[in-house]
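See below for the structure under consideration.
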Amino acid sequence: MSFAVAIDGPAAAGKGTISRAVAAHFGFAHLDTGLLYRAVGAKVLEGAEAVAAAEALGAEDLIVGYLRTAEVAQMASKVAVIPEVRAALVEFQRDFARRDGGAVLDGRDIGTVICPDAEVKIFVTASAEVRAKRRFLELQAAGSAMTPEEVMADVLARDARDRDRATAPMKPAQGALILDTSEMTIDEAVAAAIKAIEARC
Ligand code: DC
């Protein structure tokens, strides 16, 4: 039986951490859909054309070490504006959502476009300041030399592009639980998500 959990929200709001914890708790499969766009972005940085890269994307493209860099994140957000890139990635995500045994997908348009009939929809958010600080600490731990100001500018630019694009903009799906993690610990945020899912099980 399938059971889809759609978790959307802006960069560094905590949706990845929450999605992984929720998937482990319920024994569901997890897909970080941002990785698909990051993989396309990385190919473009290597010189490929965006739509062709999206159409040819394979599992091996998702394990490249530098997909988590700020440079790839910005390019991911840029290629994500292109409707043909998004269209090339839809079927894979929908198939994943409806696999047997339950699935958690996190991204920007899961509850609105990819899986509008998901059993549970959650929009995870946090203030830009909190998100920029979290992302700064993550990047610093990974060896990045970016300043807090640069990380904040990066987060704001990506927010604006992801939110204001014409195709599948980032926004809460109708009926989504809004989870603002600005003042929450990871454990509190995960517990709130688990509670929302248990209510639908
Ligand atoms: O979740 P992330 O930060 O890894 O996503 C990188 C970029 O990919 C994000 O800025 C916008 C795009 N994206 C998208 O448009 N739709 C998704 N479902 C997931 C990511």
Would a distance-only check, ignoring hydrogens and angles, find a side-chain to backbone donor-acceptor pair under 3.5 Å from [X] to [Y]?
{"X": "R158", "Y": "Q74", "value": "no"}
{"X": "S144", "Y": "Q140", "value": "no"}
{"X": "E119", "Y": "A4", "value": "yes"}
{"X": "S127", "Y": "S182", "value": "no"}
{"X": "D100", "Y": "M1", "value": "yes"}

Any salt bridge between [X] and [Y], counting N to O under 4.0 Å?
{"X": "R135", "Y": "E138", "answer": "yes"}
{"X": "D109", "Y": "R165", "answer": "no"}
{"X": "R38", "Y": "D61", "answer": "no"}
{"X": "R108", "Y": "D162", "answer": "yes"}

Margin query: Is it the case that the side chains of T167 and R86 hold a donor-acceptor pair, with the cut-off being a distance below 3.5 Å and no angle test?
Written below: no

Next item on the list: Check the side chains of D187 and T185 for a donor-acceptor pair under 3.5 angstrom, ignoring hydrogens and angles.
Entry: no

Nearest atoms (heavy-atom pairs only) where [X] meets [Y]:
{"X": "V104", "Y": "S19", "value": "CG1-CB, 3.8 Å"}
{"X": "A54", "Y": "V40", "value": "CA-CG2, 3.8 Å"}
{"X": "T125", "Y": "P10", "value": "OG1-CG, 3.9 Å"}
{"X": "A70", "Y": "M146", "value": "CB-SD, 3.6 Å"}
{"X": "A126", "Y": "V130", "value": "CB-CG1, 4.3 Å"}

Check: Nearest 0.5 Å, what's the CD1-CG distance between I18 and L179?
Finding: 5.0 Å

Next item on the list: With rounding to the nearest 0.5 Å, note down the distance linking NZ in K121 to CD1 in I178.
Entry: 11.5 Å

Can you establish whether the number of heavy atoms outside [X] located under 6.0 Å from its atom [atom1] is more than 12?
{"X": "Q174", "atom1": "CD", "answer": "no"}
{"X": "E49", "atom1": "CD", "answer": "yes"}
{"X": "I186", "atom1": "CD1", "answer": "no"}
{"X": "E46", "atom1": "CD", "answer": "yes"}

Check: With a 4.5 Å limit on heavy-atom distance, are the side chains of M170 and D8 in contact?
Finding: no

Margin query: Taking ring pair (Phe, Tyr, Trp, His ring centres under 6.0 Å) as the cut-off, I'd like each qualifying pair that reaches into residues 17-53, sequence neighbours left out, listed once.
Written below: F3-F28, F26-F28

Check: Going through the distances and angles, do I197 and I194 end up as a side-chain contact (heavy atoms from CB on, under 4.5 Å)?
Finding: CA-CA 5 Å; I197 296 165; I194 288 175; 5.6 Å; no

